[in-house]
Protein chains: 2
Amino acid sequence: MSDTVKIPRFLLIKQYIENHIASGSWPVGTRVPSENDLAVSFSVSRMTARRALKELDDQGFLNRAPGRGSFVAKPQVRAPHIELRNVVQNIQNLGRYSCRIVSLDSIHADMFIAKTMRVNVDDELYKGVFVHLDANKPAQLEEIYVNPSLAPAFIKQNYQKVVADAYLNWVAQPNHTEYQLSAIMPSAAQRRQLELTHEGEGPCIKITKRHWAQELVISLSILINPSDSYHLGAEIT
Amino acid sequence: MSDTVKIPRFLLIKQYIENHIASGSWPVGTRVPSENDLAVSFSVSRMTARRALKELDDQGFLNRAPGRGSFVAKPQVRAPHIELRNVVQNIQNLGRYSCRIVSLDSIHADMFIAKTMRVNVDDELYKGVFVHLDANKPAQLEEIYVNPSLAPAFIKQNYQKVVADAYLNWVAQPNHTEYQLSAIMPSAAQRRQLELTHEGEGPCIKITKRHWAQELVISLSILINPSDSYHLGAEIT
DNA sequence: AAGTGGTCTAGACCACCAG
DNA sequence: TGGTGGTCTAGACCACTTT
């Protein structure tokens, strides 16, 4: 006799959605059926339909938003395991480091920051903006958001002496760090901070760095580097 | 007024378990409370306790087995060796790789190329231009210059099958690789090759890669990536 | 007001593993 | 046989967004 394998229903629903995405019939941005839709059309409880959508969300195939729906996500190419040399550390080793503190205070999380740092909108966060100088010339603009519950004294430190990143690594050892790299056109404010005088010219490299401790995001750093200032170290094979 | 934030119960359970793991009171291999145990002790339904355990399983903190229980997992050991893996290799692993050969011929070094490759002006070099495709969509534009004395058959290879970079690593093992990163505005030709025309204006990440063998430069690659396509993997400290 | 996703409950049946 | 995790149900309340 043929052994019929029992396939979980949530998997059938996942495959149904995946097929539509893979075949292109649901292009990026398409709204997929809601939990209730799927529950009805697959004759399944909402919790089961929900599981299918949630796992597709976790896997990056969907973006979901309360009150709006679930949408086909834009595929992202991942390149694992790249080390970015720390520009600031580099300058410090050369003995030319100094820091300009643009701001350092307590703020309330907007939607983007809240999502990225896994906190609620309007939660209190620390925010610091620094310009790292190499021989008194701006080398990097840093915008850092810190979860106060994990580093309550963050805002009281003297960042003329200690770099914010080093302080955080000390008080709340991250067990995980994520990097994301992109190229951007700096805003007028960013250009001013970096003293990029050439009008409108010059894209920058943006590095987004997220430190985790257990399940919590300790900090989110947004580093803006002028286009030509970022050199990666030599690597031996 | 003090806003009390509603914390989901499954999160409290997760944190409870994480704290025991992080503090060392539940070492690797320890059996953690079962779904039913947690449901009772936290006065919660089994589905809620289950969620906490399942997420910790997904995140690699626990190993679970039907009939046996949930156990503290051994911390994931990541390679301490840092590697810059290129986008192309990644796409190949996904089985979605293809390549469009824009040009492949013999040229004479201009001043910039000659200086960068440590050869004389007007020396003969091989030059290839490729568009690396991920599921038939451009993911990276590669411009590669090769020293013919170190890879004389470079120009005769079939790059539909073998990536130029892989071929070079095979015929002339580089003992040293340098990377340089910058942000650029793509030229009209580059935008066309990457099919960025519909996305309007946008900066790109440029990676310049130089392979050395002994004191000679084997190759110089200039890789252009659309601004948002480059995500870096997580890294354990 | 209607619809969406986020959380949660109090049950249920199953396959699996242990003593 | 009793406990474990894996799947599933048919409800529920909430915060949120859109209409």
Side-chain angles (χ1 to χ4, degrees), chain A residues 3-17 26 29-73 108-123 215-216, chain B residues 3-17 26 29-73:
Chain A
D3 293 59
T4 49
V5 182
K6 167 88 171 169
I7 297 181
R9 303 176 196 231
F10 77 89
L11 259 187
L12 293 174
I13 301 176
K14 279 185 75 175
Q15 287 166 4
Y16 165 79
I17 297 170
W26 290 354
T30 304
R31 178 169 166 180
V32 310
S34 72
E35 298 178 354
N36 285 319
D37 292 342
L38 292 169
V40 170
S41 55
F42 279 84
S43 299
V44 109
S45 81
R46 191 193 143 205
M47 283 295 278
T48 300
R50 173 178 180 70
R51 177 164 177 186
L53 290 174
K54 180 173 191 308
E55 290 196 359
L56 289 169
D57 182 20
D58 291 341
Q59 294 172 1
F61 291 104
L62 297 180
N63 293 323
R64 316 187 71 204
R68 309 205 327 111
S70 304
F71 303 86
V72 176
H108 293 273
D110 63 21
M111 233 180 67
F112 169 76
I113 297 294
K115 182 176 181 184
T116 311
M117 293 201 63
R118 302 284 197 275
V119 298
N120 297 315
V121 173
D122 273 346
D123 276 8
E215 304 308 304
L216 297 172
Chain B
D3 293 59
T4 48
V5 182
K6 167 89 171 167
I7 297 180
R9 302 174 200 239
F10 75 90
L11 258 188
L12 293 175
I13 302 177
K14 280 184 75 174
Q15 288 167 3
Y16 165 79
I17 297 170
W26 289 353
T30 304
R31 180 168 165 181
V32 310
S34 72
E35 297 178 355
N36 285 318
D37 291 343
L38 293 169
V40 170
S41 57
F42 280 85
S43 299
V44 109
S45 80
R46 190 192 143 206
M47 284 295 280
T48 300
R50 171 177 182 72
R51 175 164 181 186
L53 290 174
K54 180 173 190 308
E55 291 197 359
L56 290 169
D57 182 19
D58 291 341
Q59 292 169 305
F61 291 103
L62 297 180
N63 293 323
R64 318 186 70 202
R68 308 205 326 110
S70 305
F71 304 86
V72 176

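All figures in this text were calculated on a predicted structure; none of them were measured in a lab. Computation of the quantities below employed the complete heavy-atom set of this structure, encompassing side-chain atoms and omitting hydrogens, waters and symmetry-equivalent molecules. So you know, we letter chains A, B, ... as the sequences are listed, proteins then strands, and number each from 1.
If you check every strand for non-hydrogen atoms under 4.0 Å, B:R9 touches sugar and phosphate atoms only. Using a 4.0 Å heavy-atom criterion, one finds that B:R50 contacts the bases of the nucleic acid, with or without backbone contacts as well.
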Checklist line | Chi angles and distances behind the side-chain contact (heavy atoms from CB on, under 4.5 Å) call for A:D122, A:D110 | finding: CA-CA 6 Å; A:D122 273 346; A:D110 63 21; over 6 Å; no

Next item on the list: List the steps, then state whether side-chain contact (heavy atoms from CB on, under 4.5 Å) holds for A:I17 with A:I13.
Entry: CA-CA 6 Å; A:I17 297 170; A:I13 301 176; 4.2 Å; yes

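The interatomic distance linking B:R31 (CZ) with C:dC17 (P) rounds to 14 Å, in whole Å. Separating the CZ atom of B:F71 from the P atom of C:dC17 is a distance of 12 Å, rounded to the nearest angstrom. Spacing between atom CD of A:E55 and atom P of D:dC8 amounts to 11 Å, rounded to whole angstrom units. Atoms CG (A:L38) and P (C:dG3) sit 16 Å apart, rounded to a whole Å. Atom CG of B:D37 is separated from atom P of D:dG2 by 17 Å (rounded to the nearest Å). A straight line from NZ of A:K14 to P of D:dT7 spans 11 Å, rounded to a whole angstrom. Atoms CG (B:L53) and P (D:dG5) sit 7 Å apart, rounded to a whole Å. If you measure from atom CZ of B:R51 to atom P of C:dG6, you get 9 Å, rounded to the nearest angstrom.
In summary, the side chains of A:Q59 and A:K54 do not present any donor paired with an acceptor at a separation below 3.5 Å, with no hydrogens or angles considered.
For the pair A:S70 and C:dT4, the criterion of a side-chain N or O lying under 4.0 Å from OP1 or OP2 is not met. Contact check, A:S45 against D:dG11: no side-chain N or O comes under 4.0 Å of OP1 or OP2. Side-chain nitrogen and oxygen atoms of B:R46 include none within less than 4.0 Å of the OP1 or OP2 phosphate oxygen of C:dG11. Side-chain N/O atoms of A:R68 include one lying less than 4.0 angstrom from OP1 or OP2 on D:dT18. Between D:dG6 and B:R64, a contact under 4.0 Å exists linking OP1 or OP2 to a side-chain N or O.
Closest contact between the side chain of B:E35 and the listed nucleotides D:dG11, D:dG5, D:dC8 involves D:dG5. Closest to the side chain of A:M47, out of D:dC8, C:dT4, D:dG11, is D:dG11. With D:dG6, C:dT4, C:dT7 as the choices, the nucleotide that has an atom nearest any side-chain atom of B:P8 turns out to be C:dT7.
Counting heavy atoms from C-beta on, the side chains of A:N36 and A:R46 come closer than 4.5 Å.
With DNA chain D read from its 5' end, the first of the two nearest nucleotides for A:I7 and B:A65 is the one closest to B:A65. Position along DNA chain D of the nearest nucleotide to A:V44 versus B:D57 favours B:D57 as the more 5'-ward residue.
Taking 4.0 Å as the cut-off between side-chain N and carboxylate O, B:E35 and B:R64 count as a salt-bridged pair.
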